[in-house]
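Residue indices begin at 1 and follow the sequence shown. The figures here come from the full heavy-atom set of this structure, side chains too, leaving out hydrogens, waters and symmetry mates.
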Amino acid sequence: ESSATCEVYEGAEEMTEPLKQCMAWLHAYFCEPTRMESLPVPAFHHPLLQQDSFTRQVLWTLLRDVKFGEAVSYKQLADLAGNSRAARAVGGAMRSNPIPIIIPCHRVIRSSGQTGNYGGGNLMKEWLLSHEKLQKEKLAY
């Protein structure tokens, strides 16, 4: 369990609205998970998320359907995204995720229950999963 407190360090006085939304969302993720459901998801302008592709479908499905504190296997996510035989393609989509944490690719694990790989490193993936599990347990009380 982390003993660190959450602090927001203000940047430039003139912060754009999308950046403010992103900052609020990340603050809620790390410090106040109960607020996440009430916050809008930050705007995504990355080209990968604009084009019609299976990767886009997978990433949006993950964002929409796999909630804080939950995990899903690559195969389950392929099923949710509409192609039950595309578990390997789901792995490729996770590798190309332009905004990890916000689109929570760390929640995608192997069918065996092992965490699998993560672009930010396996220790980071394990920490994020533990953070979510611990916060969800706290909320259950």
Side-chain angles (χ1 to χ4, degrees), residues 1-12 14-141:
E1 182 174 349
S2 173
S3 61
T5 59
C6 289
E7 296 180 44
V8 175
Y9 294 97
E10 299 295 331
E14 298 297 318
M15 194 180 302
T16 64
E17 192 55 37
L19 189 54
K20 287 178 185 176
Q21 284 181 347
C22 189
M23 191 173 80
W25 193 96
L26 288 169
H27 182 267
Y29 175 84
F30 287 107
C31 306
E32 303 174 78
T34 55
R35 289 190 50 230
M36 288 180 59
E37 290 293 323
S38 66
L39 291 174
V41 176
F44 303 131
H45 301 290
H46 193 279
L48 180 69
L49 299 169
Q50 305 301 317
Q51 60 193 359
D52 190 24
S53 66
F54 184 68
T55 294
R56 177 181 180 258
Q57 178 67 27
V58 167
L59 294 174
W60 281 111
T61 299
L62 175 60
L63 178 64
R64 183 186 64 237
D65 295 348
V66 184
K67 302 299 180 200
F68 188 92
E70 298 176 354
V72 65
S73 73
Y74 292 92
K75 182 178 180 348
Q76 289 170 323
L77 186 53
D79 286 341
L80 288 171
N83 188 343
S84 61
R85 299 180 313 170
R88 285 187 181 270
V90 166
M94 297 304 99
R95 281 189 298 281
S96 62
N97 181 358
I99 42 179
I101 299 180
I102 294 177
I103 297 180
C105 54
H106 60 276
R107 295 180 189 156
V108 183
I109 62 173
R110 294 180 175 162
S111 295
S112 66
Q114 293 178 310
T115 58
N117 296 324
Y118 185 64
N122 293 349
L123 288 176
M124 178 61 73
K125 183 171 185 170
E126 290 171 17
W127 187 91
L128 290 167
L129 290 169
S130 295
H131 165 72
E132 290 189 16
K133 183 178 181 212
L134 179 66
Q135 293 301 318
K136 192 169 184 178
E137 288 170 358
K138 284 181 183 178
L139 297 174
Y141 290 109

Would you check if [X] and [Y] make a side-chain contact, meaning some heavy-atom pair closer than 4.5 Å?
{"X": "L77", "Y": "D65", "value": "no"}
{"X": "E70", "Y": "E132", "value": "no"}
{"X": "V72", "Y": "I109", "value": "no"}
{"X": "H27", "Y": "E32", "value": "yes"}
{"X": "P104", "Y": "L128", "value": "no"}

What distance do [X] atom [atom1] and [Y] atom [atom2] have between them, rounded to the nearest 0.5 Å?
{"X": "M94", "Y": "T55", "atom1": "CE", "atom2": "OG1", "result": "8.0 Å"}
{"X": "T34", "Y": "Q135", "atom1": "OG1", "atom2": "CD", "result": "9.5 Å"}
{"X": "F30", "Y": "M36", "atom1": "CZ", "atom2": "CE", "result": "9.5 Å"}
{"X": "L63", "Y": "I102", "atom1": "CG", "atom2": "CD1", "result": "9.0 Å"}

**Message:** Is it the case that over 12 heavy atoms from other parts of the model lie below 6.0 angstrom from the NZ atom of K133?
**Reply:** no

R64, CZ atom: more than 12 neighbouring heavy atoms under 6.0 Å: yes

Strictly distance-based, threshold 3.5 Å: is any side-chain N or O of H106 a donor or acceptor partner for the main-chain N or O of M124?
no

- Query: Is a side-chain donor or acceptor of K125 paired with a backbone partner of T115 at a separation under 3.5 angstrom?
  - Reply: yes

